[in-house]
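The structure under discussion appears below in the form of structure tokens.
Within every chain, numbering begins at 1; the chains are lettered A, B, ... in the order of the sequence lines, protein sequences first and strands thereafter.
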Amino acid sequence: MKERKLSVDIAGVTLKNPVMTASGTFGSGMEYSELMDINKLGAVVTKGVSLLPWEGNGTPRVAETSSGMLNAIGLQNPGIDTFIERDLEFLYKTIDKTDIPTRIIVNVCGKTEEEYVEVVRRLADTDADLLEINVSCPNVKEGAIAFGQDPGALSRITEKIKRAARQPIIMKLSPNVTNIALMARVCEEAGADAVSLINTITGMKIDIEKRRFVLSNKTGGLSGPAIKPVAVRMVYECAGAVRIPVIGMGGIASGEDAIEFMMAGARAVAVGMMNFRDHLITEKTVVSMIQYMERHDIRDINEITGCVR
Amino acid sequence: MKERKLSVDIAGVTLKNPVMTASGTFGSGMEYSELMDINKLGAVVTKGVSLLPWEGNGTPRVAETSSGMLNAIGLQNPGIDTFIERDLEFLYKTIDKTDIPTRIIVNVCGKTEEEYVEVVRRLADTDADLLEINVSCPNVKEGAIAFGQDPGALSRITEKIKRAARQPIIMKLSPNVTNIALMARVCEEAGADAVSLINTITGMKIDIEKRRFVLSNKTGGLSGPAIKPVAVRMVYECAGAVRIPVIGMGGIASGEDAIEFMMAGARAVAVGMMNFRDHLITEKTVVSMIQYMERHDIRDINEITGCVR
Amino acid sequence: MKYSESARIIKQERLASDVFSLWIEGRIAEEARPGQFIAVYTKDPSRLLPRPISICETEGRRLRIVYRIAGEGTRQLSGLREGDTVEVTGPLGNGFPAEVKGPVLLIGGGIGIPPMLFTAKSRNDNIIVLGYRDPELFLLRELSEYGRVHIAVERPQECGREGSEYIEGLLKEGIIESFTKGNVLDAIRENGLSAGSAFACGPAPMLRAVKEYCGVNGIEAWVSLEERMACGIGACLACVCGSRDIDPHSGVRNKRICAEGPVFKAEEVII
Amino acid sequence: MKYSESARIIKQERLASDVFSLWIEGRIAEEARPGQFIAVYTKDPSRLLPRPISICETEGRRLRIVYRIAGEGTRQLSGLREGDTVEVTGPLGNGFPAEVKGPVLLIGGGIGIPPMLFTAKSRNDNIIVLGYRDPELFLLRELSEYGRVHIAVERPQECGREGSEYIEGLLKEGIIESFTKGNVLDAIRENGLSAGSAFACGPAPMLRAVKEYCGVNGIEAWVSLEERMACGIGACLACVCGSRDIDPHSGVRNKRICAEGPVFKAEEVII
Ligand SMILES: Cc1cc2nc3c(=O)[nH]c(=O)nc-3n(C[C@H](O)[C@H](O)[C@H](O)COP(=O)(O)OP(=O)(O)OC[C@H]3O[C@@H](n4cnc5c(N)ncnc54)[C@H](O)[C@@H]3O)c2cc1C
Ligand SMILES: Cc1cc2nc3c(=O)[nH]c(=O)nc-3n(C[C@H](O)[C@H](O)[C@H](O)COP(=O)(O)OP(=O)(O)OC[C@H]3O[C@@H](n4cnc5c(N)ncnc54)[C@H](O)[C@@H]3O)c2cc1C
Ligand SMILES: Cc1cc2nc3c(=O)[nH]c(=O)nc-3n(C[C@H](O)[C@H](O)[C@H](O)COP(=O)(O)O)c2cc1C
Ligand SMILES: Cc1cc2nc3c(=O)[nH]c(=O)nc-3n(C[C@H](O)[C@H](O)[C@H](O)COP(=O)(O)O)c2cc1C
Ligand code: FES
Ligand code: FES
């Protein structure tokens, strides 16, 4: 067996392989670590964290849809201080300090520019390797998606966060826009080190027997295999529009899906809701990517990034 | 059994029931009429027709995705003259001249404003009851979606078509926008008699073994149950934004799905790609809507339109 | 320890018109405690979320669930046969506490009855109260082996004359201690049942009534809650319930049913 | 007349490592003509498009298809058993013409072989040429009952020594007339085969070669084409091929494979 290079570079940070977890679907890895080995992953991306604790939305918070799901968790989180003490501490303890350790990417959310900036500041001296800025959550009233749907606001917040951040920043884009490539370009110009996409597509489900919305928040974010074709298209569009790395996600359920995103232009990928269907799926994704590389004799996984144009 | 009212009104035209076919998935009904009775439908919406014949895109034109499909037919059609002579003639002959006949809705496409207007003019003296204006097809380079993604262009073309049309016009909206309610409002203000939504969401599929796009057009439009939550949400948003009727579609596979769209605010609904999975599905949808009305003792189907807010 | 496994089906059996009993084999059984549940996955790739189902009992490496057909997922599950496999993860959640003041009222309503069998088998001071909506009294005989059983039936009329003879028979046979037309609270009140603690599983209105009754009567109550789940293991925050105090894990007044629950001390949660 | 029906499975059988034969029962069989196909739907609600499969033969109300596992849909199909049902629509498309100048060369390549059985059974002037990629010679004996058979095998080496003895045997037994290492065109050339007409089904490169050969040699050729389908009945315009002339239905240089085809006069289409 030949040496195969799986490692990829995101803004100067080397990931041992391109497979990450999608924010919000993996907690901080604590619960999954009982079932799998998180040291097999390129990076763990944690659940969105804000300055103060957030209660999130009422229940039901999730609903099943054809080949997908809706969620309206509403970014419940214990706030940055508890997060740093407990979650980052857990990750620090759990991750093997090898040559290329599993990286820690902290997903940040907020209601105002100031809140984002403050969270990012508090992360400056932590073990977080990269920060992912969620400006695309459709499930909270203030902040989040509002920043992600307006080029002007997106540019401003990206600049401010970039100035405040010690770590490289990844701007997480919303698919609920007319032109996502434009949004990626705006982020690049404002100094973002990478973009990740897609966050969920806003959707709704109605219980026709009870004549009411299934989710207590009325709308939720659609994710899963159902949205994969939209995500692949958007990754392709963004990769063609910017030079900074693009991280692809949306419905990934296998190594083959991960390869598809990379061929569309993604430097790395994240597995989201399919973690719920199969708690070992991220590990399996890495294994089947290696098998694909062997079958096609690919020496360096970076070769396939953007190979289909 | 009590009398149940299934008929709905779209811009002064009464449909015997709210179930229509989605443009492009039913041809002009000719092929389906061998397998089912098109007189059971509220309306037949025909495949998009342009001024001159269009060749459409290369093959493959379709691809399967999780609970959905991508299509990039590219609006192949024989042009308005053949369409009027053959397809409208067929529908005229086939439709029973009863009290409320199955209505004929002609879907119109074009590359320029002038082309749309000319097609609409030629339809003036035909048996078409309503015109649906496709400004949202993602699969052709010029026209179509370009009009549907820009409020200014959408307003202008709606006005021009409205002036030229003898029949009421339904503007068919694209989901590939940041704010679809705004687009619906623009259409209403420019004189549209109704809006229909959603057209397909732009997507992409890559064949990782062959390292090429599955569709010869690279991108295609995603439809089917996969997109239903997005479609329901958009129908809800538009119904809340305009007074003109909203016609809902996107992944309808049953009477229950049709009811869900109506509860979100649709006055009528259209069944699209699921016609491919089950050639009798439109008929079955009508039957199961009636069963739902009986189970819940609903006297008039219009009662449920927009009942969940 | 939790396991994700492809479990072999040992036996599938119908207990009532829409209630099935399923025995599966795997590692989960050996770790399971009463009140815990498993996540069951359908074979249908268009339905991706887990179906949480309580563990009804275990025997060595065998585990039993009893479920009602509530939708397409459980309907598909009911079509599986001996020798087929089913994907499951478990055991999940905390389960009922072992050390509580006895005797214990085990209160099961409807499809909340199954976990009470596992619980009843683990104790010997049970007073069992079961609420059925109609006279299809699934699991009754099995439960009667582990305590005195009181039953409440919402719509006993559905059993007709033969049905009431059937209930007479159960009373005579000593399978049940009492019969009440109504719900479990009616049965508890009618029989003036008292206990040191109470464990309850069933629909939310029943749990609310149990909480109130126990509060008034100084009985320590634990309730098993339900909510839509996604991860099933505490990572996604889909399945929360409101909590009286700030929860140490969440940092807010929310507890995860799949992790801190499904069993909670009644006074600590908002039902 | 076309039917959409839930057809009962009579028999499922493996013919080669990845080739299966399936008999189903229903109304479609009685209307089917050689060269037509059916649309087969999977039971998996996440896979919604039809799998078009040629009709291999019929017997009364029974219809046979022979298919290769090419992906998840055909893999699932191969898991169905006697007594199960499968949703199908058909018969679809036009089929091979009945009135042509004989004798007729029936040319089947790979999984293009199955429709040739139905076709061969409908005529008695057949010269049959079959191209296999490896020595798993499915349907060979059945076809040999309806004409002289020439076979071409791309990778005969895979059969090893025993394999070549096997082919010797087929020649001695008179099952095959000739054996060629290579493709069907090699076999046709090697044996100097000539005919009034030719019917061909197989991969596009083979069809192109047949078209060219027949053009040069004055043989009227019909080819059966493949394309991704959605409606299967001519309504969606997914499955077109380029046509030499403006097609009267489409009004452009496109023909629908599921409606005007899948069988076309070779000179009229762009392969
Ligand atoms: C901790 C726990 C233990 C349970 N134990 C049992 C049991 O022992 N026996 C039993 O019959 N039922 C039990 N349930 C309820 C059971 O999970 C649902 O009836 C089942 O998920 C319905 O699935 P479906 O596909 O048939 O219905 P659908 O309505 O088609 O399901 C759609 C989605 O909603 C979810 N869902 C639907 N109803 C519920 C519900 N009541 N609670 C949580 N999620 C739901 C499903 O899991 C699925 O993701 C339990 C629920 C929880 C939370
Ligand atoms: C008119 C016609 C007759 C055919 N007859 C036969 C036959 O007798 N035996 C046989 O084994 N195969 C036949 N095929 C090919 C057969 O349709 C495909 O092998 C099959 O659809 C693959 O499905 P899958 O789910 O296994 O593969 P997947 O690749 O998972 O299928 C994905 C989608 O692509 C479509 N697709 C994949 N390959 C093809 C193809 N070659 N042609 C058209 N659509 C395709 C599928 O229908 C499905 O919608 C025929 C095709 C056509 C068009
Ligand atoms: C339950 C759930 C919670 C999520 N929470 C977050 C979050 O906190 N921050 C964020 O940026 N994205 C969040 N997402 C979006 C995912 O990270 C991902 O972008 C999206 O789900 C698409 O990927 P998938 O289809 O693989 O799930 C969440 C998604 C789900 C399903
Ligand atoms: C094969 C195909 C062809 C289509 N052609 C047209 C068209 O000509 N004009 C149009 O307005 N919409 C067209 N559409 C979009 C549908 O009318 C419908 O808006 C969309 O498919 C969503 O509905 P569905 O999910 O039920 O298919 C087409 C869709 C498909 C799948
Ligand atoms: S289901 Fe994810 S936290 Fe409970
Ligand atoms: S598959 Fe629709 S026209 Fe052929």
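Distance alone, capped at 3.5 Å, is enough to place a donor-acceptor pair between the D/Tyr132 side chain and the D/Phe138 backbone. A side-chain donor-acceptor contact under 3.5 Å links D/Arg253 to the backbone of D/Arg244.
Of the two parts of D/Met229, only the backbone, made up of N, CA, C and O, holds a non-hydrogen atom closer than 4.5 Å to a non-hydrogen atom of chain B. Residue contact with chain B, scored on non-hydrogen atoms closer than 4.5 Å, involves the backbone and the side chain of D/Ser4 alike. The contact between B/Ala63 and chain D is made entirely by backbone atoms, counting heavy-atom distances below 4.5 Å. Looking at B/Thr65, only its backbone comes within 4.5 Å of chain D, counting heavy atoms on both sides.
Checking B/Asn199 against B/Asn134 by side-chain atom types alone, a donor-acceptor pair falls below 3.5 Å. Counted by atom type alone, D/Asn183 and D/Glu154 present zero donor-acceptor pairs between their side chains at under 3.5 Å. In this model, no donor atom of one side chain and acceptor atom of the other lie less than 3.5 Å apart for D/Arg256 and D/Ser250. No side-chain donor-acceptor contact under 3.5 Å links B/Glu132 and B/Ser23.
Contacts between residues 68-81 of chain D and chain B, counted as heavy-atom pairs separated by less than 4.5 Å, involve no residue at all.
Screening residues 46-55 of chain D for side chain to side chain donor-acceptor pair (under 3.5 Å) gives B/Glu64-D/Arg51, D/Asp44-D/Ser46, D/Asp44-D/Arg47 as the qualifying pairs, with residues at least two apart or on separate chains.
Here the closest heavy-atom approach between residue B/Ala43 and residue B/Ile105 is recorded as CB-CD1, 3.8 Å.
The residue among B/Gly68, B/Gly27, B/Gly29 with the most heavy atom pairs within less than 4.5 Å of chain D is B/Gly27. Counting heavy-atom pairs under 4.5 Å between each of B/Arg86, B/Met36, B/Met30, B/Lys47 and chain D puts B/Arg86 at the top. Ranked by heavy-atom pairs under 4.5 Å with chain B, the first of D/His249, D/Arg228, D/Glu87, D/Met1 is D/His249.
Atom CG of B/Asn77 is separated from atom CH2 of B/Trp54 by 7.0 Å, given to the nearest 0.5 angstrom.
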